[in-house]
Asks: 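Below are the structure tokens for one structure; questions will follow.
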Number of protein chains: 4
Amino acid sequence: MPKQKEQFEEMRQQTIARLKKSGLELFARKGLAATNIKEIAAHTGISLGLMYHYYSSKEELYLLLANEAMDKSQALFDQLQSQDISVKEKITQFLAAFMYGVQKEAGIYYFILISQLFETGNKTEDRKLRTRKLQSIHNLATIVSEGQQTGECVTGDPFELAVTFIAATQGLAGFKLMFKGKFQMPDAAVLTRILLQA
Amino acid sequence: MPKQKEQFEEMRQQTIARLKKSGLELFARKGLAATNIKEIAAHTGISLGLMYHYYSSKEELYLLLANEAMDKSQALFDQLQSQDISVKEKITQFLAAFMYGVQKEAGIYYFILISQLFETGNKTEDRKLRTRKLQSIHNLATIVSEGQQTGECVTGDPFELAVTFIAATQGLAGFKLMFKGKFQMPDAAVLTRILLQA
Amino acid sequence: MPKQKEQFEEMRQQTIARLKKSGLELFARKGLAATNIKEIAAHTGISLGLMYHYYSSKEELYLLLANEAMDKSQALFDQLQSQDISVKEKITQFLAAFMYGVQKEAGIYYFILISQLFETGNKTEDRKLRTRKLQSIHNLATIVSEGQQTGECVTGDPFELAVTFIAATQGLAGFKLMFKGKFQMPDAAVLTRILLQA
Amino acid sequence: MPKQKEQFEEMRQQTIARLKKSGLELFARKGLAATNIKEIAAHTGISLGLMYHYYSSKEELYLLLANEAMDKSQALFDQLQSQDISVKEKITQFLAAFMYGVQKEAGIYYFILISQLFETGNKTEDRKLRTRKLQSIHNLATIVSEGQQTGECVTGDPFELAVTFIAATQGLAGFKLMFKGKFQMPDAAVLTRILLQA
DNA sequence: CATGAATGAGGCTTCATTCAT
DNA sequence: TATGAATGAAGCCTCATTCAT
């Protein structure tokens with residue numbers, strides 16, 4: 001393949017990466033409706049026209065990013081389940097991933113995107129996202145269920161426990177985004193207590 | 001004979017009440033930017049113009065409602081603190097109020113309004129709201145602090161414990177709004193465990 | 001006639017007078033389009049509804065006032081011409097009336113209304129006003145013409161002289177309105193020199 | 001290949017020029033409030049939206065034009081003062097510039113813009129414009145003052161003389177705009193007599 | 001006579017999207 | 001690939017006018 005094509009492809013990928021980063025941050029900070037496309041292009045440092053070469057609408061970019069966030073969440077659970085480790089260890093790893101992600105810029109934005117799903121007008125996609133969101137709770141509930149059998153987790157409805165845990169992480173991500181450096185994340189133990197026996 | 005002042009005042013109050021109800025619901029469901037004023041007016045059953053007799057902008061109505069939500073939150077804490085009851089009892093009552101509120105339409109909307117503060121463009125008011133939001137966590141942290149002295153609460157930084165608890169309630173309110181009847185709120189015990197000794 | 005009716009009629013006249021005064025000031029200060037009817041009513045201290053009892057539109061009030069201003073101008077010329085005095089005396093009296101009027105609130109507003117005719121959308125009336133405005137210059141030109149025959153006035157086209165004089169008075173009224181107390185009206189002699197021999 | 005920057009700049013400048021021309025004429029003819037933005041756009045032959053690419057509000061365009069008018073006025077005085085000519089010559093040149101400007105479309109509109117300053121709601125800018133307006137009278141007063149020392153100008157307060165002269169020119173510009181071809185401008189001598197000795 | 005709530009048309013402004021280059 | 005001028009629909013807001021009381 002000629003060298004030029006490769007170079008173009010690289011530029012392409014780089015532009016897309018920057019575009020997604022801008023969109024992610026802006027959608028997370030301001031929501032879908034309050035973010036306008038000119039702002040995304042300006043933040044990315046490209047022209048409006050170029051942005052439309054890559055994504056044919058604001059909603060398309062949003063849906064891509066929201067689904068990517070869900071993919072990452074799903075991948076994390078898959079990875080946890082594929083490991084031959086204790087439930088306690090799984091929850092600890094999950095929390096470590098959360099705590100690490102919240103520190104990183106992009107990480108927190110993905111969390112926020114999952115926690116606040118905006119309607120795009122594309123009902124099929126919107127429903128799919130909500131379903132994926134529920135799914136991630138069921139993923140955690142499965143782990144909690146296992147943990148109850150081994151005695152590692154507290155008793156109670158696994159789904160209720162999982163949803164409370166997820167709700168707490170999402171709420172905390174929101175606080176972190178709003179108050180930034182002024183907000184100190186709680187110790188992991190505070191969160192693990194929701195699921196794990198003392 | 002002129003229409004009596006009382007009559008006018010009654011009409012005003014009635015319209016304002018309906019307007020606030022519509023605004024509350026729509027802002028909570030869709031956010032500030034995605035809610036349009038035509039929608040609020042139509043939902044209220046009044047003309048667009050009349051809405052501007054009462055509020056001079058969409059943002060003004062939003063700020064009013066968000067501050068009202070904060071008032072209610074503050075009033076709840078004030079009421080809890082004014083009672084001569086145990087910390088456990090206070091937390092239980094707080095949670096009961098939350099659980100009850102989430103069932104009621106208006107109640108859940110107020111919770112959502114607090115949990116997701118949108119920027120209105122009025123920087124002074126936006127900052128005030130964020131400050132009030134932090135304040136409500138400090139209110140709970142004070143109670144937790146007391147509870148640690150009496151041995152009713154778990155150990156750990158009171159603010160971290162309080163924020164995790166509030167984060168969980170806000171996250172749950174979000175789930176409830178998104179999934180409605182399909183979503184079963186967790187048992188109160190799941191939440192109280194975050195703060196109270198077993 | 002019953003006493004009551006008289007009383008009502010008096011109130012009516014009083015309200016109308018206040019309404020006209022408010023309209024006059026606001027139209028002069030801000031122009032027709034920038035003045036809104038709510039403002040006129042508020043400035044008058046009456047309700048919107050009552051204002052519509054007296055005038056069925058903003059334009060109607062404006063046209064009434066503009067024509068009144070023209071009436072006053074015409075009356076002044078008629079009065080000057082009915083007197084058996086010298087042309088110099090006529091011009092001096094005209095200027096005295098102008099200087100006196102500019103000091104008084106209502107007076108200056110009438111001058112301004114004449115100098116800036118706004119379009120009301122009623123083409124017939126608009127044209128009539130413009131014609132009356134031209135007429136007042138012809139009135140002065142007639143006096144100047146007389147003065148040239150008696151040698152009191154400077155030579156030159158009477159209409160050109162008259163229009164320059166009127167233009168100066170109108171411009172000065174505008175300055176006075178804009179700068180109020182900070183603006184000192186020029187000495188009458190400066191203006192009379194435009195028309196009269198030294 | 002991207003469209004060349006030069007090309008874009010040329011398009012911009014052309015559109016801006018047409019926009020300013022339309023705005024100037026309409027503001028001068030009808031005032032700020034009575035001129036609507038749709039009209040400006042239509043008169044320019046562009047869409048409503050495009051106007052907002054260049055000016056973020058009607059008021060911004062108005063302020064730009066009014067300040068440009070003031071610039072031109074100031075430039076004229078600067079140029080007169082920089083020349084080593086008699087006061088009589090300066091006043092004659094000023095008047096020639098006025099007479100010439102009034103014949104040209106754009107010229108008369110600039111005069112009108114200066115003579116009737118409308119409030120834009122931007123108090124700082126409004127005040128600045130009024131100050132500049134006063135300044136132009138002081139500029140002329142300075143020349144009159146000089147002329148009194150050389151015996152070229154009539155006696156009297158220089159500011160009063162200047163303001164009367166300016167008032168007359170502004171009033172005449174208003175007549176010219178209102179009556180157009182039907183209105184014959186007076187001979188320059190009529191105006192110079194206000195300031196210069198016979 | 002008097003009120004001001006209520007309406008809706010029309011004006012101002014924003015913004016997603018298209019397109020010629 | 002890349003640009004930003006240009007559009008138009010849709011949103012926000014104002015305001016003259018009507019009307020029940």
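Fair warning: this is a prediction, and the values are worked out from it, not measured in the lab.
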Asks: Without hydrogens or angle criteria, can the side chains of B/Q14 and B/E10 be said to hold a donor-acceptor pair below 3.5 Å?
Replies: no
Asks: By nearest heavy atom, map C/K58 and B/K58 onto DNA chain F; which one lands nearer the 5' end?
Replies: B/K58
Asks: Any base atoms under 4.0 Å from B/Y54, or only sugar-phosphate, or nothing? Heavy atoms, all strands.
Replies: sugar-phosphate
Asks: Partner of E/dT21 by Watson-Crick or G-U wobble geometry, both contacts under 3.5 Å, or none?
Replies: F/dA2
Asks: Assuming nearest nucleotide by heavy-atom distance, tell me which of D/A33 and B/G49 is located more 5' along DNA chain E.
Replies: B/G49
Asks: Specify the closest pair of heavy atoms between C/Q116 and C/Y62, including all atoms of both residues, with the distance to one decimal.
Replies: O-OH, 3.7 Å
Asks: Find which nucleotide of DNA chain F each of D/S47 and B/L50 is nearest to by heavy atoms, and output the residue with the more 5' nucleotide.
Replies: D/S47
Asks: Would you indicate, yes or no, if E/dT17 has its OP1 or OP2 atom less than 4.0 angstrom from a side-chain nitrogen or oxygen of A/Y52?
Replies: yes
Asks: What is the distance from CG of C/L61 to P of F/dA16, rounded to the nearest Å?
Replies: 12 Å
Asks: Is there a side-chain polar atom (N or O) of D/T15 under 4.0 Å from OP1 or OP2 of F/dA5?
Replies: no
Asks: Let me know the distance between CG of C/N36 and P of F/dA16, rounded to the nearest Å.
Replies: 5 Å
Asks: Expressed as a whole number of angstroms, how long is the span from C/L32:CG to F/dA16:C1'?
Replies: 12 Å
Asks: Minimum heavy-atom separation for A/T35 to A/K58, with atom names?
Replies: O-NZ, 2.9 Å
Asks: Between D/K5 (NZ) and F/dG4 (P), how many Å, whole number?
Replies: 7 Å
Asks: What is the distance, rounded to the nearest whole Å, between atom CD1 of D/I46 and atom P of E/dC19?
Replies: 20 Å
Asks: Using a cut-off of strictly less than 4.0 Å, decide whether C/K38 has a side-chain nitrogen or oxygen near OP1 or OP2 of F/dC15.
Replies: no
Asks: Kindly point out which of E/dA5, F/dT3, F/dT7 is positioned nearest to the side chain of C/L48?
Replies: E/dA5
Asks: If only side-chain N and O atoms of C/R12 are considered, is one of them under 4.0 Å from the OP1 or OP2 phosphate oxygen of E/dC1?
Replies: yes
Asks: Expressed in angstrom and rounded to an integer, what is the separation of A/M51 atom CE from F/dT3 atom P?
Replies: 14 Å
Asks: Roughly how many Å is it from CG in D/L19 to P in F/dA6, rounded to a whole number?
Replies: 10 Å
Asks: State the pairing partner of F/dA16; accept Watson-Crick or G-U wobble contacts with both distances under 3.5 Å, and report none otherwise.
Replies: E/dT7
Asks: Going by heavy atoms in the side chains, are D/F27 and D/L61 under 4.5 Å from each other?
Replies: yes
Asks: Reckon B/I37 touches a base, only the sugar-phosphate, or nothing at all at heavy-atom distances under 4.0 Å?
Replies: sugar-phosphate
Asks: Assign each of D/H53 and D/S57 to its nearest nucleotide of DNA chain E by heavy atoms, then name whichever residue's nucleotide is nearer the 5' end.
Replies: D/S57
Asks: Can you check side-chain hydrogen bond (donor to acceptor under 3.5 Å, both in side chains) on A/R29 and A/Y109, steps first, answer last?
Replies: CA-CA 8 Å; A/R29 286 197 182 285; A/Y109 298 142; 2.9 Å; yes
Asks: If I take atom CD1 from residue D/I114 and atom CG from residue D/L65, how far apart are they, to the nearest 0.5 angstrom?
Replies: 11.5 Å
Asks: If I take atom OH in residue C/Y62 and atom P in nucleotide F/dA16, what distance separates them, rounded to the nearest angstrom?
Replies: 16 Å
